[in-house]
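Structure, as structure tokens:
Residues: numbered from 1 along the sequence shown.
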Amino acid sequence: MRILVINGPNMNLLGSRQPEIYGSATLADIEANLVASFPDVDFAFIQSNYEGAIIDAIQTTDADAIVLNAAAYTHTSLAIADAVAAVDTPVIEVHLSNIYAREEIRRRSLIAPVCRGSICGFGPKVYELAVAACL
């Protein structure tokens, strides 16, 4: 099983960016935990602050599944939603925080309707839950 994990804008700042919302785990911590927790999965990890790079990764992957934390693009990017809708690869949307308990603009996901499922609000555990759903 090959799983591509895509993280969007500002996710490279995890651990130092608003830890009261996103926790203290870094993106490297999350990735290392996934590799340790799922040794039989072949992971590829991408983080980009650029919408086009995320779209390119979705369109060109040969992975069996995608775990996608589009971050702020979740609420603004029809282009990423269109990319998800255009591929046959199942996509699980994840968010560290409970987006439905946050500011009004963060309560709507443009991506969720075209994803296989969405998991939010459980901190770094959302990635493990998403990978488990892909297996």
Main-chain N/O of [Y] paired to [X] side chain as donor or acceptor, under 3.5 Å:
{"X": "Asn33", "Y": "Ile30", "value": "no"}
{"X": "Arg102", "Y": "Ser97", "value": "no"}
{"X": "Tyr73", "Y": "Asn49", "value": "yes"}
{"X": "Ser77", "Y": "Thr74", "value": "no"}

Nearest heavy atoms of [X] and [Y], plus distance in Å:
{"X": "Leu96", "Y": "Pro124", "result": "CD2-N, 3.4 Å"}
{"X": "Val114", "Y": "Ala81", "result": "CG2-O, 3.5 Å"}
{"X": "Ala57", "Y": "Ile46", "result": "CB-CD1, 3.6 Å"}
{"X": "Ile3", "Y": "Cys134", "result": "CD1-CB, 3.9 Å"}
{"X": "Ala70", "Y": "Ile111", "result": "CB-CD1, 3.4 Å"}

Please evaluate residues Val5 and Leu34 with respect to the criterion side chain to side chain contact (heavy atoms under 4.5 Å, CB included), reporting the C-alpha separation (whole Å), side-chain torsions for both, the decisive distance (0.1 Å), and the verdict. CA-CA 10 Å; Val5 180; Leu34 286 177; 4.2 Å; yes
Would you compute the distance between atom OG1 of Thr76 and atom CD of Glu51 and round it to the nearest 0.5 angstrom? 6.5 Å
Value for CD (Gln47) from CG (Asn69), rounded to nearest 0.5 Å, stands at 10.0 Å
Would you say [Y] ends up clustered with [X] if hydrophobic residues are merged whenever their side chains have heavy atoms under 4.5 Å apart, either directly or through other cluster members?
{"X": "Val35", "Y": "Met1", "answer": "yes"}
{"X": "Val126", "Y": "Leu14", "answer": "yes"}
{"X": "Tyr50", "Y": "Leu78", "answer": "no"}
{"X": "Leu27", "Y": "Val94", "answer": "yes"}
{"X": "Ile58", "Y": "Met11", "answer": "no"}

When Ile, Leu, Val, Met, Phe, Trp and Tyr are grouped by side-chain heavy atoms lying under 4.5 Å apart, directly or through other members, which residues fall in the same group as Leu13? none
Examine the side chains of Asn7 and Tyr127 and answer whether a donor and an acceptor come within less than 3.5 Å of each other. yes
Determine whether Asn98 and Phe122 satisfy the following criterion, side chain to side chain contact (heavy atoms under 4.5 Å, CB included), listing intermediate values before the conclusion. CA-CA 8 Å; Asn98 179 355; Phe122 298 103; over 6 Å; no
Are there more than 12 heavy atoms of other residues, nucleotides or ligands under 6.0 Å from atom CZ of Arg108? no
More than 12 foreign heavy atoms under 6.0 Å from CZ of Phe45: is that the case here? yes
Checking Ile80 against Ile55 for the side chain to side chain contact (heavy atoms under 4.5 Å, CB included) test, could you report, in this order, the C-alpha distance in whole Å, the side-chain angles of both residues, the deciding distance, and whether it holds? CA-CA 6 Å; Ile80 292 175; Ile55 292 165; 3.8 Å; yes
Set out, in order, the CA-CA distance, both residues' side-chain angles and the distance that settles side chain to side chain contact (heavy atoms under 4.5 Å, CB included) for His75 and Leu110, then state yes or no. CA-CA 6 Å; His75 322 289; Leu110 300 178; 5.9 Å; no
Are side-chain heavy atoms of Val41 and Leu135 found at a separation under 4.5 Å? yes
For Ala112, which residues count as a side chain to side chain contact (heavy atoms under 4.5 Å, CB included) partner, sequence neighbours excluded? Glu93, Ser109, Ser118
Under 3.5 Å, which donor-acceptor pairs link side chains of residues 59-67 to any protein atom two or more places apart or in another chain?
residue	atom	partner	partner atom	Å
Thr60	OG1	Asp56	O	2.7
Thr61	OG1	Ala63	N	2.9
Asp64	OD2	Arg2	N	2.7

